[in-house]
Undergrad: 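So that we are looking at the same thing, I have put the structure below in structure tokens.
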Amino acid sequence: MNTVQLNDSALVTSYIAGNESAFEELVSRHKSKVYTTILLIVKDTYTAEDLLQETFVKAIHTMKSGRYNEEGKFSSWICRIAHNLAIDYFRREKRSPMITLEDGSNVFNTLNFSEESVESIRIKEETHARLRELIQQLPAAQKEVLIMRHYADMSFQEIAEATGVSINTALGRMRYALINLRKKMSIDKTAYDQNLYSS
């Protein structure tokens, strides 16, 4: 059987039926896009390679267990697995985000740290940690877009493709994420300059 001419759906069916070369063809077709999806988020080639392997291993388990959903395109499905694994990696790493608000200002630009004393560094670290906690409280779809945009510097076109939504939906989720984050920060009042919330 020549797997090259088959579409993705037929290759998946063939692989589930026991044709290992069908999966090799799927990997060959999609590994570049999957790798790019991951690399845009983690920005580290070694990590991206590890997560690329993990993505296809997870795909194998899903297909072999009969849980693969034929409703969507294989390329969108495999990229969604990849981007979820990459976001999970980021969550574990707990990197400090640089969040830009709707007016283009950075969350931390209004914080007054005149000198990097031990105390100011400690406050800044605590503020970053608290901001990460507030981000984790956002609805999943909003949190996802915000992390991809500000941690990974992905374009809204890239975010839309990775999450399987329209650009308008991605933009809307980002807008609501920033609105909700600002509300949470306003309520939280953890070392934030109150001028940040003046309209």
Side-chain angles (χ1 to χ4, degrees), residues 1-97 132-167 169-170 172-174 176-177:
M1 177 190 290
N2 189 348
T3 58
V4 179
Q5 273 71 43
L6 296 176
N7 63 28
D8 289 348
S9 181
L11 285 172
V12 170
T13 302
S14 179
Y15 173 66
I16 292 171
N19 180 8
E20 295 295 327
S21 64
F23 188 74
E24 291 172 14
E25 176 60 25
L26 284 168
V27 172
S28 176
R29 285 183 189 180
H30 299 288
K31 67 179 179 182
S32 178
K33 185 179 180 183
V34 171
Y35 178 78
T36 302
T37 298
I38 297 167
L39 188 61
L40 282 167
I41 299 174
V42 301
K43 297 188 181 294
D44 177 79
T45 55
Y46 295 109
T47 303
E49 285 165 10
D50 286 344
L51 291 176
L52 176 67
Q53 298 296 324
E54 194 175 334
T55 297
F56 282 107
V57 167
K58 190 164 185 176
I60 288 171
H61 289 317
T62 302
M63 288 189 284
K64 289 290 191 182
S65 66
R67 290 181 288 119
Y68 176 68
N69 184 353
E70 273 289 350
E71 289 177 13
K73 286 168 57 179
F74 178 83
S75 60
S76 300
W77 177 72
I78 196 74
C79 283
R80 183 175 291 274
I81 291 175
H83 119 264
N84 285 343
L85 288 173
I87 296 296
D88 286 344
Y89 166 81
F90 246 112
R91 203 168 287 138
R92 290 194 301 270
E93 289 294 295
K94 293 185 177 177
R95 298 191 178 179
S96 296
R132 284 196 299 268
E133 289 175 18
L134 294 176
I135 291 169
Q136 292 303 317
Q137 294 170 16
L138 291 172
Q142 293 175 22
K143 176 172 59 180
E144 182 177 69
V145 171
L146 188 145
I147 288 173
M148 294 175 83
R149 180 71 180 139
H150 289 288
Y151 279 72
D153 198 28
M154 292 173 72
S155 71
F156 282 106
Q157 176 69 47
E158 290 165 340
I159 292 170
E161 289 176 1
T163 56
V165 299
S166 69
I167 293 178
T169 299
R173 288 177 179 176
M174 185 67 199
Y176 284 115

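These numbers come from a predicted model, not from an experiment.
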Undergrad: So, Arg29 and Glu25, do they make that salt bridge, N to O below 4.0 Å?
TA: yes

Undergrad: Mind checking the CG-CZ spacing from Leu26 to Phe56? Nearest 0.5 Å is all I need.
TA: 8.0 Å

Undergrad: Do Leu138 and Glu144 have side chains that approach each other closer than 4.5 Å (heavy atoms only, starting at C-beta)?
TA: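 Sidechains of Glu144 and Leu138: no contact.
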
Undergrad: Between Ala22 and Leu11, which heavy-atom pair has the shortest distance, and what is it?
TA: CB-O, 3.4 Å

Undergrad: Would a 4.5 Å heavy-atom cut-off, applied to side chains only, mark Cys79 and Glu161 as touching?
TA: no

Undergrad: To the nearest 0.5 angstrom, please state how far the OH atom of Tyr35 sits from the OG1 atom of Thr55.
TA: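 If I round to the nearest 0.5 Å, the distance is 12.5 Å.
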
Undergrad: In Å and rounded to the nearest 0.5 Å, what is the OG1 to CD1 distance from Thr169 to Ile159?
TA: 12.5 Å

Undergrad: Using a strict 4.0 Å threshold on nitrogen-to-oxygen distance, state whether Lys73 and Asp8 make a salt bridge.
TA: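 No, no charged N to carboxylate O under 4.0 Å.
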
Undergrad: Given side-chain contact (heavy atoms from CB on, under 4.5 Å), test Lys31 with Val34 step by step and report yes or no.
TA: CA-CA 5 Å; Lys31 67 179 179 182; Val34 171; 5.5 Å; no

Undergrad: Nearest 0.5 Å, please: how far is CD1 in Ile147 from CD1 in Ile135?
TA: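 Atom-to-atom, Ile135:CD1 and Ile147:CD1 are 6.5 Å apart.
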
Undergrad: Around atom OH of Tyr176, are there more than 12 heavy atoms of other residues, nucleotides or ligands at under 6.0 Å?
TA: no

Undergrad: Going by atom types only, do Gln53 and Glu49 share a side-chain donor-acceptor pair under 3.5 Å?
TA: no

Undergrad: Between Leu146 and Gln142, does a side-chain contact (heavy atoms from CB on, under 4.5 Å) hold up when you go through it step by step?
TA: CA-CA 6 Å; Leu146 188 145; Gln142 293 175 22; over 6 Å; no

Undergrad: Within a strict 4.5 Å, meaning less than it, do heavy atoms of the Leu39 and Thr45 side chains meet?
TA: yes

Undergrad: Please name the pair of heavy atoms, one in Val165 and one in Ala170, separated by the smallest distance, quoted to 0.1 Å.
TA: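 Smallest interatomic distance, heavy atoms only, reads CG2-N, 4.1 Å.
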
Undergrad: Ignoring hydrogens and angles, tell me if any N or O in the side chain of Ser28 forms a donor-acceptor pair with the backbone of Glu24 under 3.5 Å.
TA: no

Undergrad: Evaluate side-chain contact (heavy atoms from CB on, under 4.5 Å) for Val145 paired with Phe156, printing each intermediate quantity in order.
TA: CA-CA 9 Å; Val145 171; Phe156 282 106; 4.3 Å; yes

Undergrad: Any idea how Tyr15 and Phe23 line up, ring-wise: parallel (<30°), tilted (30 to 60°), or perpendicular (>60°)?
TA: tilted

Undergrad: Could you label the plane-to-plane angle of the His30 and Phe74 rings as parallel, tilted or perpendicular, counting under 30° as parallel and over 60° as perpendicular?
TA: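 Answer is tilted, since the angle falls between 30° and 60°.
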
Undergrad: Can you check whether Lys58's main-chain N or O pairs, donor with acceptor, with Thr62's side chain at less than 3.5 Å?
TA: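 Checked: pair present.
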
Undergrad: Measuring from Ile87:CD1 to Ile38:CD1, what's the distance to the nearest 0.5 Å?
TA: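 So the CD1 of Ile87 and the CD1 of Ile38 are separated by 11.0 Å.
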
Undergrad: Report the distance from atom CD1 of Ile78 to atom NE2 of His83, rounding to the nearest 0.5 Å.
TA: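 Atom-to-atom, Ile78:CD1 and His83:NE2 are 13.5 Å apart.
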
Undergrad: Assess the residue pair Thr163 and Met148 against the criterion (side-chain contact (heavy atoms from CB on, under 4.5 Å)); give the C-alpha distance rounded to whole Å, side-chain angles, the decisive distance to 0.1 Å, and a yes or no.
TA: CA-CA 10 Å; Thr163 56; Met148 294 175 83; 3.9 Å; yes

Undergrad: If we count only N and O atoms by modelled type, under 3.5 Å, do the side chains of Asn19 and Ser21 hold a donor and an acceptor together?
TA: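 Result is yes, a qualifying pair exists.
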
